[in-house]
Amino acid sequence: MEKQFFDVAIIGGGPAGLNAALVLGRARKKVAVIDEGRPRNAVTQETHGFLTRDGVRPSEFRRIAREEIGAYPSVSFLADTVMSISGADGHFQVATAQGNILTSRKLLFAVGMKDRPLDIPGLTAVYGRSAFVCPYCDGWELRDQPLVIINKGAELMHFAPLISGWTDRFVICTNGPDELTDDQRDELRRHRVPKFESPIRHIDSEEGIVRQVVLEDGTTVPCRGIFFKPELVMGSDLPRTLGCTMTEMGTIEVDLLGKTSVPGIYSAGDAVSRMHQAVAAAAMGATTAAAVNNELNAEAWHNESATTPD
Ligand SMILES: Cc1cc2nc3c(=O)[nH]c(=O)nc-3n(C[C@H](O)[C@H](O)[C@H](O)COP(=O)(O)OP(=O)(O)OC[C@H]3O[C@@H](n4cnc5c(N)ncnc54)[C@H](O)[C@@H]3O)c2cc1C
């Protein structure tokens, strides 16, 4: 395959990578967006909370974005998986699963996060239909409904008050012994939040809509929706293997402009943030793209003046 040269290779074509591509395309940079098309929100029917796009299908969001970016001819799309990257700032070599080799001055990782397999029987069948992870994304659709929160740790002390803004009909299933302090248990009791510690046997549902959570001790908890805490891993291991410093939470460490600890490598979106929202990812993509563009322009400017005679 013929080698291709780019100013920026964007790895990942979700909201973060696409908004970065839009900004860089408008800044006349030669950009490759390489995306294998496996976003975490593929399980959902609708994306909420993105102004002008509230309720849009994730696939439709991407289609519209790519159509808009199509106005900027210096941006190319590649449906492929980046497998390995070598080189350094100014000259990275990107190799893909389908045998493409790209060379780029800068890298922008917008690889998102991935769910580890869900270990509760029946949860996969309802994930994205009536079981969700974020009430800002899906709480409105479940307002005033009976809900189950599946979580056992101290985060419950944040999550229970948060959910109470959407419904006061919720119970907690800890799926095994809770990991709370006595004070935390008291607080839940004072707020009359029922808590079941028996392990979950399975989740009963019909066409993706949960009917009840069935516990090992025989208890059945009828409900219309579930919020649970997923276990997440980075969408790609490449940033870590390239030496990018990672945070304790497993995200890529970046400064306010999306710069990682490795020169020439930037990152944006869920991969760098705990705020997993499409609009936040897109905003980070835009900010980071501006930072990449500034660096490219500054480098070109200084190279030019270095060669100009007095
Ligand atoms: C169930 C669920 C519901 C949600 N609902 C909402 C909602 O209603 N509103 C909202 O704002 N947010 C919602 N979110 C969160 C939202 O989906 C994310 O915040 C957003 O998609 C993050 O964008 P991103 O660009 O960082 O990553 P992603 O959208 O995950 O995109 C990352 C892309 O990178 C690709 N990739 C990874 N590694 C490679 C590689 N090596 N080579 C090529 N490509 C690669 C992946 O395949 C993927 O396509 C939801 C999330 C989930 C899980």
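Read the numbers this way: they start at 1 and go in the same order the structure lists the ligands and their atoms.
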*Asks:* Do E295 and K259 meet the salt-bridge criterion of a basic N to acidic O distance under 4.0 Å?
*Replies:*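 Salt bridge present between K259 and E295.
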
*Asks:* Is D7 salt-bridged to K30, cutoff N-O under 4.0 Å?
*Replies:*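 Judged by the 4.0 Å cut-off on N to carboxylate O distance, D7 and K30 do not form a salt bridge.
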
*Asks:* Within the distance-only criterion (no hydrogens, no angle test), does the side chain of S198 pair as donor or acceptor with the backbone N or O of D217 below 3.5 angstrom?
*Replies:*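 Yes, S198 side chain to D217 backbone: donor-acceptor pair under 3.5 Å.
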
*Asks:* Relative to each other, are the rings of F227 and F132 parallel, tilted or perpendicular (30° and 60° limits)?
*Replies:*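 Geometry flag for F132 against F227: tilted rings.
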
*Asks:* Applying a heavy-atom distance cut-off of 4.0 Å, which protein residues contact ligand 1?
*Replies:*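 For ligand 1, the contacting residues are I11, G12, G13, G14, P15, A16, I34, D35, E36, G37, R38, P39, R40, N41, V43, T44, E46, T47, H48, R62, D80, T81, V82, A110, V111, G112, Y127, C137, D138, G235, S236, G269, D270, H276, Q277, A278, A281.
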
*Asks:* Distance-only, no hydrogens or angles: does the R143 side chain make a donor-acceptor pair with backbone N or O of W140 under 3.5 Å?
*Replies:*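 Judged by distance alone, yes, a pair lies under 3.5 Å.
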
*Asks:* For residues 275-288, which side-chain N or O atoms pair as donor and acceptor with protein atoms under 3.5 Å away, sequence neighbours left out?
*Replies:*
residue : atom : partner : partner atom : Å
H276    : NE2  : S273    : O            : 2.9
T287    : OG1  : A283    : O            : 2.9
T288    : OG1  : M284    : O            : 2.8

